[in-house]
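Take a look at the structure below.
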Amino acid sequence: GGYGGACAERGARPETPQLACASDVDRLVARCMTHERPAALVQASAGLLDAASAFLGEEALPGEKRSDKIRRMLRLTDELRRYNAGLTKQVLPPLPETERLAPGVG
C-alpha cells in the first residue's frame, strides 16, 4: 500500500493532492530530511507526493509520471537541505581554534 497514514483512516483520498492531510505532508517532508528519504518517497502515494511538492512551492504537472514526482521531491528536499545548512552557518558562530582542536581542554 501507499503512504496514506491517518488521512486514509478517516476516509479521505490521499491520491487527491487537495485532500492529503497536512500531517501526512509534514511527516513526508520531515522523513525526506533524514536517511529515510528513499523509503519515504517510494512509500508515498502520488497524491501525497503532489501535495508535498505543492507545500514546498512547486505544483505537479498534468500527466506527470510517478518517477518525475519523486525526482521533483528529491530536488525540492535537496534545496531545503541546502537552505537549512546555510541558515545553520549564519546562526552558529565558528568555534575558537582551541575548541576545534581539543574540545574540553583548557
Applying the 4.5 Å side-chain criterion to the ILVMFWY set and letting contacts propagate, would Met33 and Met73 be lumped into a single cluster? yes
[atom2] on [Y] to [atom1] on [X], rounded to 0.5 Å:
X     : Y     : atom1 : atom2 : answer
Asn84 : Arg81 : CG    : CZ    : 10.0 Å
Leu41 : Glu36 : CG    : CD    : 11.0 Å
Lys69 : Leu48 : NZ    : CG    : 11.0 Å
Asp26 : Phe55 : CG    : CZ    : 5.0 Å
Arg75 : Leu56 : CZ    : CG    : 10.0 Å
Leu49 : Glu64 : CG    : CD    : 9.5 Å

Less than 4.5 Å apart, side chain to side chain, heavy atoms only: is that true for Arg37 and Leu74? yes
4.5 Å side-chain heavy-atom contact, Val29 and Leu80: yes
Does a salt bridge link [X] with [Y], judged by any charged N lying under 4.0 Å from a carboxylate O?
X     : Y     : value
Asp50 : Arg66 : no
Asp24 : Arg27 : yes
Arg71 : Asp68 : yes

Full working for side-chain contact (heavy atoms from CB on, under 4.5 Å) between Glu59 and Ser53: CA-CA 6 Å; Glu59 296 295 325; Ser53 292; over 6 Å; no
Closest contact, heavy atoms only, Ala52 versus Val25: CA-CG1, 3.8 Å
